[in-house]
Amino acid sequence: MKRLLFLMVIIVSFATGCNKEEISSPYFVWEGQFYITTHEPIAENELSEKIGKIRENVNKPYEDGQAKGLPEGTMLLMVEGQHLGTDKTNDGIIAFERDGEFNIARQIEPELKGELK
């Protein structure tokens, strides 16, 4: 009986862990593509140029410069040797500045866009 109960707990735990969770990290739109922020630091000397800034913080970003979870004025920068994402790629990278530190934002794969909350 104990084995059966233990097995049921394992199965339920596994099934619960397989459910898709909505993405809740800060994200923004730039040049028509969605980018999600990460905690990956990047050195300032790896950045090439400023490309813009977050102009508006909204619940559902859909226009360039809109973000959820990033303050207005957050600076966006190109990473040396990287590119912006397009509809045909999902590997675009942009750096952003937060509290004097630089971190990476990665383009979101198209199938994940529906999970943004």
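No experiment lies behind these values; they were computed from the predicted model shown.
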**OP:** Report the distance from atom CE of Met78 to atom CD of Glu46, rounding to the nearest 0.5 Å.
**Re:** 13.5 Å
**OP:** Identify the two heavy atoms, one from Thr74 and one from Pro71, that lie closest to each other, and give their separation to 0.1 Å.
**Re:** OG1-O, 2.7 Å
Original post:
Considering all heavy atoms of both residues, which atom of Trp30 and which atom of Tyr35 are nearest to each other, and what is their separation?
Top reply: O-CE1, 3.7 Å
**OP:** Please work out which of the three classes, parallel, tilted or perpendicular, describes the rings of Phe28 and Phe96, given edges at 30° and 60°.
**Re:** perpendicular
Subject >> Distance-minimising heavy-atom pair for Ser48 and Glu80 >> reply: CB-OE1, 3.3 Å
**OP:** Could you pull out the closest heavy-atom pair between Met75 and Gly52, with the gap in Å?
**Re:** SD-O, 3.2 Å
Subject >> From CA spacing to verdict: side chain to side chain contact (heavy atoms under 4.5 Å, CB included), Ile94, Leu84 >> reply: CA-CA 7 Å; Ile94 294 178; Leu84 296 175; 3.5 Å; yes
Original post:
Residues two or more places apart in sequence or in another chain: which of them pass side chain to side chain donor-acceptor pair (under 3.5 Å) with Arg55?
Top reply: Glu63
Original post:
Does one hydrophobic cluster hold both Leu76 and Leu47, with members joined at side-chain heavy-atom distances below 4.5 Å?
Top reply: no
**OP:** Only counting residues at least two apart or in another chain, list the ones meeting side chain to side chain donor-acceptor pair (under 3.5 Å) with Glu40.
**Re:** Thr38, Arg106
**OP:** Run the numbers on Leu70 and Asn57 for side chain to side chain contact (heavy atoms under 4.5 Å, CB included), then give the verdict.
**Re:** CA-CA 7 Å; Leu70 285 177; Asn57 191 331; 5.5 Å; no
Subject >> Side-chain donor/acceptor of Thr37 to backbone N/O of Pro26, under 3.5 Å >> reply: yes
Original post:
Checking Gln107 side chain against Gly92 main chain: does a donor-acceptor pair fall under 3.5 Å?
Top reply: yes
Subject >> Closest non-hydrogen atom pair, Tyr27 against Ile108 >> reply: CB-CD1, 4.4 Å
Original post:
Closest approach of Glu56 and Glu72, non-hydrogen atoms and distance?
Top reply: CA-CG, 3.7 Å
**OP:** Identify the residue among Ile93, Ile104, Leu77, Asn103 that makes a side-chain contact (heavy atoms from CB on, under 4.5 Å) with Ile42.
**Re:** Ile104
